[in-house]
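Because the structure is a prediction, the values reported are computed rather than measured.
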Amino acid sequence: MPLTQVDWPILQQFFCIVEKRTGLPPQPLEATPEQVVRARRMEEKQQRQDDAPKPKQLPKGVVLGPDGKP
């Protein structure tokens, strides 16, 4: 059944959230191999972004010189 034929708006919202977070549609229940690969790539990309080192935050007004010291 297509999402447009779902009678309950809360269920439509849930399906949209599932697809947004997983990259896979809620139907069919068995994902195609291409969808599984795409979802895994998205997960790996998200993990790389989460694991990336974040620059150290400096207090407001602090400026680094050419040697990297405040």
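With sequence neighbours left out, the side chain to side chain contact (heavy atoms under 4.5 Å, CB included) criterion links Glu34 to Thr32. For the side chain to side chain contact (heavy atoms under 4.5 Å, CB included) test, no residue two or more places apart in sequence or in another chain qualifies with Glu43. Judged as a side chain to side chain donor-acceptor pair (under 3.5 Å), and not counting sequence neighbours, Gln57 has no contacts. Under the side chain to side chain contact (heavy atoms under 4.5 Å, CB included) criterion, Val62 pairs with Leu58, Pro59, Pro70, sequence neighbours left out. With sequence neighbours left out, Val37 forms a side chain to side chain contact (heavy atoms under 4.5 Å, CB included) with Arg41.
Transitive grouping of hydrophobic side chains (ILVMFWY, heavy atoms separated by less than 4.5 Å) keeps Ile10 and Ile17 in distinct clusters.
Within a 6.0 Å sphere centred on CZ of Arg38, other residues, nucleotides and ligands contribute more than 12 heavy atoms.
Between atom CE of residue Met42 and atom CZ of residue Arg21 there is a gap of 12.5 Å, rounded to the nearest 0.5 Å.
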